[in-house]
2 protein chains.
Amino acid sequence: MPFTYEFPHPAVATDIAVFTLIAGDLSLLLIKRGGPPFEGSWALPGGFLAPDEDLDSCAHRELKEETGVDAELLFHFANFSAPDRDPRQRVVSIAYLALLRFDLITLKAGSDAADARWFPLASLPNLAFDHREIVDVAVRTLRERLGDLAILFALLPQSFTLTAMQDAYDAVAGAPIDKRNFRKVVFDAGLVEDTGELSRGRHRPARLYRRKQPS
Amino acid sequence: MPFTYEFPHPAVATDIAVFTLIAGDLSLLLIKRGGPPFEGSWALPGGFLAPDEDLDSCAHRELKEETGVDAELLFHFANFSAPDRDPRQRVVSIAYLALLRFDLITLKAGSDAADARWFPLASLPNLAFDHREIVDVAVRTLRERLGDLAILFALLPQSFTLTAMQDAYDAVAGAPIDKRNFRKVVFDAGLVEDTGELSRGRHRPARLYRRKQPS
DNA sequence: CCAAAAGTGTTAGTCCTACACCCATGG
DNA sequence: CCATGGGTGTAGGACTAACACTTTTGG
């Protein structure tokens, strides 16, 4: 069923940089393209805007189709619109950034995706289209927003140790922060509350905290 | 000449919130719509993305068509994409924010614009489409970015007094800042250099400064 | 000489950053 | 008992915000 317009319209798609934390490494979700162009290359998940949804809904829908979860944190951060960025047709890409817990997810290769995998940020493969540039901007944006420590909760389970929270911070920031300073900021900002539980591990047990809802 | 696609494509347009400073008031450029829908209403300038340009170029081009100048400061700040935001057809709006000196400009009513005017931010008329929301977000974004005082240069002539610069700050912030603190920040940041000239006015002459290019 | 705008420093409080040692547990 | 990670406080420097008077000019 064709759709006809008086002047040329670009296709509009959302592309999503989905980050998670795996074994201490900030990692990115990529799908392997199952068809041309760039067949066999890795690319960001995403897809075209449907007629009855806005861009935020499109990003949520595409992410859910790919991962089965509603992202806790998903926001727009940039547009990519070079006329020749897609060799098939004009596509304007609305880029989103998501953070989520990878352990909640069962990756589903979508219709046009041959495979889906997490890659540590430090060892990404070559990417299709201009997706490498999108990722670079996404990482920069993510680090800028790290001033708000609350974004870390998207990477953490319901209850967590402060060391786990700091490990998340270090992984996102790409550099370690001082332990006492980190704890002071978290407590002074009233971000967490003590669950009363303790973790059990090989060493001294740690207090478990949960996110404190801002009242 | 019709353009046909296999699935529906939205139209993509840039809308631009152009701010300037007039008699100490932060003011916004609006055009009066010359055709339906919202005929006779005021709206943001902007227009559709052309096939051979990216979104930044589109915003620059539309702004130049409307004002005759290249904006010193023009950047994307949000997208607006509710499916029914334009009653005629699906239009995704890529919103840009510009600052410029109104005295450099001769407003040109474009093809579909019946009129073009500056409105003080405090007394805007009702706006077409969702443009009121776009303006609200634009103002919020502008104030957030005011941490970088360099954006004020877009509102100032080549050489200016520090009082003029502070008046620009106060107008954008919507609240006055302490004079001594403002001057200290400007000097400590090395933003300006003394021209050696003095202003002449009704009262004590003031030193004239110019923007110091970051080296 | 008067009205109006230009110009100028200090202080208290807060925030940021660097820094080192003892504790509790499992093995 | 030892290896490992958990947990705690302080001090110096930087930055922020509040605050008032003198100077210069035109009229």
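By convention in this document, chain letters (A, B, ...) are assigned in the order of the sequence lines, proteins followed by strands, and residues within each chain are numbered from 1. Heavy atoms only: backbone and side chains are in, while hydrogens, waters and symmetry mates are out.
Taking 4.0 Å as the cutoff to heavy atoms of chain B, we find the contact window on DNA chain D bounded by D:dA17 to D:dG26.
Among residues at least two apart or in separate chains, ring-ring contact (aromatic ring centres under 6.0 Å, His included) pairs with a member in residues 196-215 of chain A are A:F187-A:Y209. Screening residues 135-156 of chain A for salt bridge (Lys or Arg N to Asp or Glu O under 4.0 Å) gives A:R132-A:D136 as the qualifying pairs, with residues at least two apart or on separate chains.
Both B:R207 and B:H203 lie near DNA chain C, and the one whose nearest nucleotide falls closer to the 5' end is B:H203.
For B:R204, the side chain to side chain contact (heavy atoms under 4.5 Å, CB included) test picks out no residue, with sequence neighbours left out. Take A:R101 and apply the side-chain hydrogen bond (donor to acceptor under 3.5 Å, both in side chains) test, not counting sequence neighbours, and it matches A:D103. Applying the side chain to side chain contact (heavy atoms under 4.5 Å, CB included) criterion to A:K184, with sequence neighbours excluded, gives A:N181, A:D188. Under the rule for a side-chain hydrogen bond (donor to acceptor under 3.5 Å, both in side chains), the partners of A:T163 that lie at least two apart in sequence or sit in another chain are A:R183. Annotation: side-chain hydrogen bond (donor to acceptor under 3.5 Å, both in side chains) contacts of A:S57 (sequence neighbours excluded): A:D54.
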All N/O donor-acceptor pairs, side-chain side in residues 71-81 of chain A, below 3.5 Å, sequence neighbours left out:
unit_1, atom_1, unit_2, atom_2, d
A:H76, ND1, A:A95, O, 3.2
A:H76, NE2, B:H76, NE2, 3.1
A:H76, NE2, B:N79, ND2, 3.1
A:N79, OD1, B:N79, ND2, 3.1
A:N79, ND2, B:H76, NE2, 3.1
A:N79, ND2, B:N79, OD1, 3.1
A:S81, OG, B:L55, N, 2.9

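Ring planes of A:F160 and A:F153: tilted class, angle from 30 to 60°.
Judged by atom type and distance alone, B:R204 reaches the base of C:dA6 through a side-chain donor-acceptor pair under 3.5 Å. Taking 3.5 Å as the limit, the base of C:dT8 and the side chain of B:K184 contain no donor-acceptor pair of atoms between them.
Proximity of residues 140-168 of chain A to DNA chain D (heavy atom under 4.0 angstrom from any strand atom) is restricted to A:T163. Within residues 169-183 of chain B, the residues that have a heavy atom under 4.0 Å from DNA chain C are, in order of number, B:K179, B:R180, B:R183. Within residues 190-202 of chain B, the residues having any heavy atom under 4.0 Å from DNA chain D are, by residue number, B:G201, B:R202.
The environment of CZ in A:R207 is sparse: at most 12 heavy-atom neighbours from other residues, nucleotides or ligands sit within 6.0 Å.
In this structure, the separation between CD1 on A:I16 and OH on A:Y96 is 9.0 Å, given to the nearest 0.5 Å. Rounding to the nearest 0.5 Å places CG of B:L156 at 10.5 Å from CG of B:L99.
Between B:D15 and B:R85 a salt bridge is recorded (basic side-chain N to carboxylate O distance below 4.0 Å).
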